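This report refers to the structure that appears directly beneath it.
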Amino acid sequence: MMFRTRFAPSPTGPLHLGHAYSALLAHDMARAAGGSFLLRIDDIDQSRARPEWEDQIYDDLLWLGIRWNEPVRRQSDHIKDYAQAVDKLTDIGLTYACACTRRDIEEAASAPQEGTPDFGPDGRIYPGTCRDLNLPVTDQTVTRLNMARACARALPASFTETGPSHAGTHTLNADEITATIGDVVLVRRQMAAAYHLAVVVDDMAQNITHVIRGQDLFEATHIHVLLQKLLGLPTPTYHHHALIRDDAGKRLAKRDDARAIAKYRAEGATPADIRRLVGLPPSSS
Ligand code: GLU
């Protein structure tokens, strides 16, 4: 079986132990399967991406012993791809412009109903204020997916998960997705695309067959599989791994400088030390 996986860090801060685990695990799994390991720089959020963090990512990964198949995909080089995907969804009547600010959403969100969550993998579940308003798209609006319509069109759909906590086949359920995820954002203000849209376009463009990433993205996978179906793209196999936690048992934050690989390097740690710290067996090479 073909096996192509990737590591997709955002150059918005230093790589930390959690990133090292994710990258090393994907690299090990690709090697064990005789497959390919690719790199993607998730720099779609140009307000936060910095070239120096990108340079540090290459440097840390090489130091860890990670080698990737060229070319590296940088999201900022593919802005048109995301717009095309959104246009496709708009053409089939699945998107709408939303002018709500964060504050508007907070205020409109009705008092929590029993059993209905307030937050999903795309943040606060959108109360639907702009859904039927037919607002024009401007630089003050975001573009959302009409989730109920999207489900009606895309389902049935399912995906295979091989990670430790949810291994098995997962079938998407329209009612559940609408209630627990809602109308996700596809295009953010001042950004070419939101993460959920970009990741689907990127995984297709890199021909990814196996997505290996942290457990925190398991629920979001439902959004990704739905978008793949809507865009006529293949669904990879997913493997969500456990998260590396700090001494207090809290998962490492996106920017946990205290556990930055660069800091361990500066203190004289070796790549083998990092593997040991994240619980991976010694490298075979
Ligand atoms: N840039 C994303 C992150 O670091 C990638 C997530 C993914 O692997 O899909 O969270």
Side-chain angles (χ1 to χ4, degrees), residues 3-30 36-50 53-54 56-58 60-61 64 66 68 72-78 81-82 85 120-123 159-163 166 181 184-186 188 191-228 231 233-244 251-257 259-261 278:
F3 191 108
R4 274 169 79 86
T5 191
R6 62 9 175 228
F7 176 58
S10 306
T12 54
L15 292 189
H16 57 53
L17 279 188
H19 295 108
Y21 177 59
S22 206
L24 287 166
L25 179 67
H27 193 252
D28 285 2
M29 285 173 72
S36 314
F37 173 90
L38 289 91
L39 184 59
R40 179 160 80 230
I41 300 296
D42 275 6
D43 63 350
I44 194 97
D45 185 353
Q46 285 285 300
S47 68
R48 294 173 61 225
R50 297 276 175 276
W53 291 127
E54 185 175 332
Q56 181 79 49
I57 288 171
Y58 300 131
D60 282 343
L61 292 178
L64 282 167
I66 288 175
W68 51 87
V72 172
R73 180 177 170 95
R74 295 169 78 240
Q75 291 181 320
S76 54
D77 295 334
H78 299 275
D81 298 6
Y82 310 116
D122 195 45
F159 65 97
T160 303
E161 166 70 34
T162 61
H166 292 91
I181 300 177
V184 296
V185 175
L186 300 175
R188 295 199 180 281
M191 260 171 79
Y195 161 70
H196 301 300
L197 193 268
V199 69
V200 162
V201 170
D202 292 328
D203 284 337
M204 179 275 300
Q206 292 189 296
N207 284 315
I208 298 304
T209 61
H210 291 74
V211 171
I212 299 161
R213 62 186 179 193
Q215 186 62 53
D216 52 328
L217 287 166
F218 176 76
E219 295 303 335
T221 305
H222 293 81
I223 308 169
H224 305 165
V225 173
L226 186 80
L227 290 173
Q228 287 152 4
L231 294 167
L233 308 176
T235 290
T237 297
Y238 286 89
H239 183 102
H240 291 89
H241 58 70
L243 300 175
I244 300 292
R251 70 175 250 230
L252 298 186
K254 274 232 152 94
R255 310 193 50 158
D256 195 333
D257 295 9
R259 288 180 174 67
I261 306 302
V278 298

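Just so you know, these numbers come straight off a predicted model, no measurement behind them. Indexing begins at 1, ligand by ligand and atom by atom, following the structure's order.
Distances shorter than 4.0 angstrom do not occur between any heavy atom of H19 and any atom of ligand 1. Judged by the shortest distance from any of its heavy atoms, F7 lies outside the 4.0 Å radius around the atoms of ligand 1.
Partners of Y195 according to the ring-ring contact (aromatic ring centres under 6.0 Å, His included) rule, which considers only residues two or more places apart in sequence or in another chain, are H224. Partners of E54 under the salt bridge (Lys or Arg N to Asp or Glu O under 4.0 Å) rule, at least two apart in sequence or in another chain, are R74.
If you number the atoms of ligand 1 from 1 as listed, the ones under 4.0 Å from a heavy atom of Y195 come out as 6 (C), 7 (C), 9 (O). Less than 4.0 angstrom separates some heavy atom of L217 from each of these atoms of ligand 1: 6 (C), 7 (C). Atoms of ligand 1 lying under 4.0 Å from at least one heavy atom of D42, given by number and element, are 1 (N), 2 (C), 5 (C).
Under the 4.5 Å side-chain criterion, counting only non-hydrogen atoms from C-beta, H240 is in contact with R213. Side-chain contact between R73 and D202 is present, with heavy atoms from C-beta onward closer than 4.5 Å.
Backbone and side-chain nitrogen or oxygen atoms of A8 are examined, and one is located within less than 3.5 angstrom of a nitrogen or oxygen of ligand 1. Close N/O approach between R213 and ligand 1 is found [any backbone or side-chain N/O within under 3.5 Å].
Neither the backbone nor the side chain of V211 has any atom closer than 4.0 Å to an atom of ligand 1 (non-hydrogen atoms only).
If you take OH on Y21 and CG on D28, they are separated by 9.5 Å, rounding to the nearest 0.5 Å.
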